[in-house]
Each structure stands twice: as structure tokens, then as C-alpha cells.
Amino acid sequence: MFALIDVNGMYCACEQAFRPDLAGRPVVVLSNNDGAIVARNREAKALGLKMAEPYFKARPVLERNNVAVFSSNYTLYASMSARFASVVEALAPRTEIYSIDELFCDVRGLQTAMTFDAFGRQLRDEVQLQTTLTCGVGVAATKTLAKLCNHAAKTWPATGGVVALTERHRLEKLMHILPVEEVWGVGRRIGKSLNAMGVRTVLDLCRMDTRLARRQFSVVLERTIRELRGEICFGLEEDAEPKQQLVVSRSFGERVTQLQDMQQAVTGYAVRAAEKLRQEKRYVRVVSVFVRTSPYATGDIQYGNQATETLIVPSQDTRDIVEAAQRALSRIWRDGIRYAKAGVMLCDLRDRHAQLDLFSDNAMRSGSDSLMQTIDKINREGKSRIFYAGEGISPDFAMRRRLLSPSYMTSWKDIPVAVVR
DNA sequence: TCTGGGGTCCTAGGACCC
DNA sequence: TCTGGGGTCCTAGGACCC
């Protein structure tokens with residue numbers, strides 16, 4: 001048996017946790033660069049505000065309805081997420097952190113102590129008490145079914161936010177009323193194709209011939225069908241697999257047209273990527289850079305390209321990664337283009353230096369490890385920051401975040417103060 | 001003016017090897 | 001005249017997730 005616990009409207013709830021004055025008001029959170037709406041609370045959804053709607057288009061509606069608007073504050077959300085996870089982990093020992101607002105638990109054997117329903121309610125109460133966040137709980141025999149139950153818990157308030165289904169006929173009743181697009185792993189494209197084949201409800205999919213599903217789609221859909229039938233195809237992944245690739249990319253606050261600005265941006269992304277790489281305790285062999293214009297700017301010349309550099313020796317030294325990224329950039333840079341976005345990708349990640357070749361002595365930098373450790377340590381402490389000259393100083397293209405809330409959980413100067421009169 | 005960022009898995013097809 | 005079969009590895013692209 002699996003439980004899926006997820007936080008309702010995570011980003012908005014995090015903002016509201018420190019702003020009790022916003023109770024009852026519609027709240028939305030914007031994507032990076034204040035580009036589009038990526039999170040809405042219940043009140044904002046009721047206004048008809050849609051997911052991924054561009055901010056500038058939604059603005060009149062937001063202003064008319066006195067909606068509280070926030071830039072994304074990932075530092076805050078990540079910190080709240082860690083707290084949420086630790087509350088759940090205290091009550092359910094075998095857990096898998098699936099995303100910033102979701103966890104799976106293996107709850108086998110739990111029913112000897114209490115019902116799944118009672119367990120779900122206890123989890124909800126504890127999370128609410130310790131974090132102010134409200135979550136939904138779904139419990140069933142497979143992850144895919146637990147997801148479906150969780151969806152039901154969020155959709156129907158009468159469930160009290162908890163749906164645990166072990167009996168087949170009750171599951172089938174639920175599958176009969178939900179459209180096939182609600183299934184975990186069925187997106188827009190496959191949903192459309194399925195509909196055209198007459199597969200409309202989740203139950204239709206559950207009864208679909210698995211060989212046909214495999215032939216027409218892929219083994220992924222076949223597994224999904226098996227999961228709907230109660231056969232476990234996706235197990236609990238308690239220890240996160242090491243990452244296979246790592247990406248740092250951003251849209252620019254203002255279009256970039258000068259090579260020097262692009263070099264600064266790419267250096268900054270490469271620096272950040274190298275920091276993440278060292279956090280993961282991995283080494284990179286392949287560094288790649290991409291640049292592109294905005295697909296929405298129909299009047300502009302459209303251009304996008306990507307270049308890859310392979311390091312002789314896998315590295316986690318920022319200087320190697322910045323150098324490789326700059327070499328890649330110089331191969332794809334074109335003048336006279338209004339760039340909207342760029343990114344650095346680290347691929348072919350490894351545990352440590354693989355087999356060293358004959359020339360490795362020349363390629364390795366001496367003292368690299370201790371230098372990087374020292375820089376990381378200083379930057380983590382947050383008293384000051386060591387940065388690379390190539391990143392530039394407060395560049396024009398920096399991300400727009402005009403409506404950023406304080407880092408209530410992670411910055412001394414932002415800690416909320418309660419005044420007692 | 002203004003439209004997010006970071007991942008995974010699978011498949012098809014080409015290059016290459018013996 | 002006639003030009004194999006089986007395998008691996010890599011890459012690009014598509015689909016999905018949050």
C-alpha cells in the first residue's frame with residue numbers, strides 16, 4: 001500500500017503562512033521573471049485565473065479583484081518543503097520525496113495499528129499544526145492509484161482531504177467518474193489519442209488491452225494500466241538516484257543583444273551549475289550551452305542554438321566549467337539577435353575522476369578541491385559572497401522579481417517579529 | 001514592453017563493430 | 001548476377017511530471 005501526501009496550493013500557502021492578513025484574499029505566485037502565473041490559491045482559482053497565464057495579460061483582473069501577487073520565492077518554498085517532509089517522515093518511516101510539495105509513503109502493515117483513513121487524518125492534522133500547510137492524502141495499492149485517490153481527496157471537500165480505497169468496487173466507481181486525463185502519466189497528447197480511440201474514463205483505460213497500449217503508445221502506458229489494476233510497477237524510491245544531468249537556465253529580465261552581457265549571464269549560470277554539482281558530489285564531463293530568442297516575439301529574427309564541450313578530465317571546478325561554457329558560447333553566438341533566454345547544462349555526470357589518461361596531470365588543477373570547498377563554505381555562511389569577475393555586477397538582464405516576499409525562514413534580517421502590546 | 005525552470009524515461013534511427 | 005546478421009552505443013526528439 002502506498003500513500004501520496006501533497007500540499008494544497010503549496011506556493012500560495014507558503015506566502016500566506018507569514019501573512020495572516022491575507023486570509024480570505026485571492027493570492028497568486030508568478031514564475032521566474034514575473035512572467036506567468038504558476039500558483040493560485042482557492043480564491044484566485046474561483047476568479048477564473050488560469051495556470052500559466054501571462055502576468056501582463058492577467059494584470060487587469062488581478063488589480064480589479066485586489067489579488068495579492070508574489071514573485072517566486074524558492075528559498076522560502078524549499079525551506080517550508082523540508083519542514084513538511086520532516087513532519088511526514090516522523091509519522092511514516094519509509095518515504096520518497098517526489099517533488100517540492102509531494103511525498104509517497106510505503107504504508108504496508110500499518111492497518112494492524114490503525115485504519116488508513118485515521119492515518120491520513122493524523123498526518124493532515126500534524127502537518128497543519130507544525131507548518132500551517134493543508135495537505136491531501138490518497139492511499140491505495142499502487143502509486144498510480146494513490147495519486148488518483150489523492151485527486152479525489154482534493155476535488156471533493158466531503159472527503160475531508162483523505163481518500164483511502166482498498167476495495168476494488170469502490171476504486172472502479174471512482175475510475176468510472178474520472179476522465180482518463182486525470183491519470184498520472186497520461187498527459188494532453190496521449191489523452192487526446194486515447195479519447196479518439198474511445199477511451200474516455202480512467203476505467204476505460206484500466207480495461208484497455210495492454211498489448212495494444214504498448215504497440216500504439218509505449219511500455220510506459222502499459223505499466224500505467226497495470227498499476228490501475230493493482231499491480232505494482234513503480235516502487236518506492238527511498239534513496240534518490242544520483243542525477244544524470246543538471247541544468248541552470250533563465251529568461252532574461254531584458255533582452256540581451258551584446259556579447260559581453262551574454263558572457264556574463266552564461267558565466268553566472270555555469271557558476272551556479274558548478275555549485276549544484278559539488279552539492280551532489282559529482283563530476284561533469286560534458287558541458288553544453290544553449291541560447292534562444294523569444295518564440296512569442298514574432299517580429300524578431302528567430303534563432304536558437306546549442307553547443308557542447310567535452311572536458312578531458314571530469315571536473316567539479318567552477319573554472320573548468322566556466323571556461324568550457326564560454327568556449328561553447330563563442331561557437332553559437334551571433335550578432336544582431338535579441339536573445340530572451342540562455343542556459344548551461346551539465347551532462348554525463350560521474351562519481352569521481354574516471355580512469356585518468358596519460359595527460360591528466362596537465363589537465364588537473366592543483367588545490368582545486370580545497371579552493372572550491374573554501375569558496376562554497378564562505379558563500380554558504382552568507383556573510384559575504386565570493387563571485388567570479390566574469391559574472392558582472394548587477395547586470396541589466398538580471399531576473400525580474402519585483403514582488404518578492406522576505407526570506408522568512410532563511411535570512412536573519414527577514415525573520416518575522418511578533419509585537420506584544 | 002511583458003509568456004518559467006528543472007527533471008525523467010522511452011523510442012527510432014544512424015554509426016560502428018565483428 | 002549477387003552485397004548479412006546481430007549487436008552496442010549515441011543522439012535527437014517526444015512525451016510526461018511537478
Side-chain angles (χ1 to χ4, degrees), chain A residues 4 6-11 28-39 50-60 62 69-74 77-78 81 96-104 143-144 147 150-151 180-194 213-224 233-234 237 240-255 269 272-273 276-277 280 285-286 288 290 292-300 306 308 310 338 340-349 396-397 399-403:
Chain A
L4 174 68
D6 85 333
V7 178
N8 299 348
M10 170 82 175
Y11 295 175
V28 301
V29 174
L30 304 176
S31 62
N32 273 337
N33 246 332
D34 297 344
I37 295 174
V38 291
K50 284 198 289 288
M51 186 72 174
E53 182 148 345
Y55 177 42
F56 73 96
K57 279 190 189 165
R59 221 161 156 168
L62 297 170
V69 183
F70 292 95
S71 302
S72 285
N73 186 343
Y74 285 103
Y77 313 149
S81 174
E96 169 191 340
I97 296 175
Y98 182 67
S99 77
I100 195 161
D101 70 341
E102 276 176 76
L103 307 149
F104 284 105
K143 282 179 161 182
T144 304
K147 270 268 195 188
N150 178 278
H151 174 79
V180 71
E181 290 85 354
E182 293 303 337
V183 175
W184 187 41
V186 175
R188 268 222 325 273
R189 286 296 284 272
I190 291 177
K192 217 174 145 190
S193 305
L194 285 171
R214 188 169 191 147
R215 195 157 13 96
Q216 293 263 305
F217 299 92
S218 75
V219 66
V220 184
L221 192 68
E222 179 187 350
R223 288 187 191 133
T224 298
C233 299
F234 309 121
E237 291 167 21
E241 293 290 307
K243 277 199 203 335
Q244 299 183 35
Q245 62 171 38
L246 199 158
V247 182
V248 175
S249 76
R250 297 274 181 283
S251 298
F252 302 124
E254 278 174 29
R255 298 279 189 263
Y269 303 159
R272 182 70 197 110
K276 285 163 108 179
L277 185 69
E280 297 273 323
R285 208 174 70 91
V286 172
S288 103
F290 71 88
R292 68 165 174 79
T293 51
S294 165
Y296 304 101
T298 45
D300 287 3
Q306 173 173 353
T308 295
T310 302
R338 300 181 70 235
K341 184 173 179 176
V344 170
M345 272 184 280
L346 308 186
C347 315
D348 196 353
L349 306 188
D396 294 338
F397 55 79
M399 194 159 69
R400 245 193 329 268
R401 290 161 92 185
R402 298 209 178 103
L403 305 161

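Proteins get letters first, then strands, A, B, ... in listed order; numbering begins at 1 in each. Everything quoted here is computed from the prediction, not taken from an experiment.
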Given atom CE of Met10(A) and atom P of dG5(B), what is their separation to the nearest angstrom? 20 Å
Closer than 3.5 angstrom, by distance alone: can the side chain of Thr224(A) be matched with the main-chain N or O of Val220(A) as a donor-acceptor pair? yes
Looking only at atom P, what distance separates dT3(B) and dC18(C), rounded to whole Å? 25 Å
Are the side chains of Leu403(A) and Leu30(A) in touch, meaning some heavy atoms are under 4.5 Å apart? yes
So, does Ser249(A) get its side chain near the phosphate of dG4(B), meaning an N or O under 4.0 Å from OP1 or OP2? no
With a 4.0 Å cut-off on N to O distance, would you call Asp34(A) and Arg400(A) a salt bridge? no
Would you indicate, yes or no, if dT1(B) has its OP1 or OP2 atom less than 4.0 angstrom from a side-chain nitrogen or oxygen of Arg255(A)? no
Quick check: do Arg285(A) and Thr310(A) have side-chain heavy atoms less than 4.5 Å from each other? yes
Find the distance Glu280(A):CD to dG6(B):C1' and express it as a whole number of Å. 12 Å
Enclosure of Lys276(A) NZ (heavy-atom neighbours >12, cutoff 6.0 Å): yes
Hey, does the side chain of Arg250(A) come within less than 4.0 Å of dG6(B)'s phosphate (OP1/OP2), counting only N and O? yes
If you write DNA chain C from 5' to 3' in dot-bracket form, with Watson-Crick or G-U pairs under 3.5 Å, [ ] for crossing pairs and | for pairs with another strand, what do you get? ....||||||||||||||
Does the distance from a Lys or Arg side-chain N to an Asp or Glu carboxylate O, for Arg189(A) and Glu181(A), drop under 4.0 Å? no
Salt-bridge present (Glu222(A), Arg215(A); N to O < 4.0 Å): no
Just call it for Tyr55(A): base, sugar-phosphate, or nothing, with non-hydrogen atoms closer than 4.0 Å on any strand. nothing
Rounded distance (Å) that lies between atom C1' of dC17(C) and atom CZ of Arg189(A): 16 Å
Between Lys192(A) and dC16(C), is there a side-chain N or O to OP1/OP2 distance below 4.0 Å? no
Ignoring backbone atoms, test whether Ser31(A) places a side-chain nitrogen or oxygen under 4.0 Å from the OP1 or OP2 oxygen of dT3(B). no
Please confirm whether the shortest side-chain N or O distance from Arg223(A) to OP1 or OP2 of dC10(B) is below 4.0 Å. yes
Between Gln244(A) and dC9(B), is there a contact of a side-chain N or O with OP1 or OP2 at under 4.0 Å? yes
Strictly below 4.0 Å: does Lys341(A) bring a side-chain N or O up to OP1 or OP2 of dG5(B)? yes
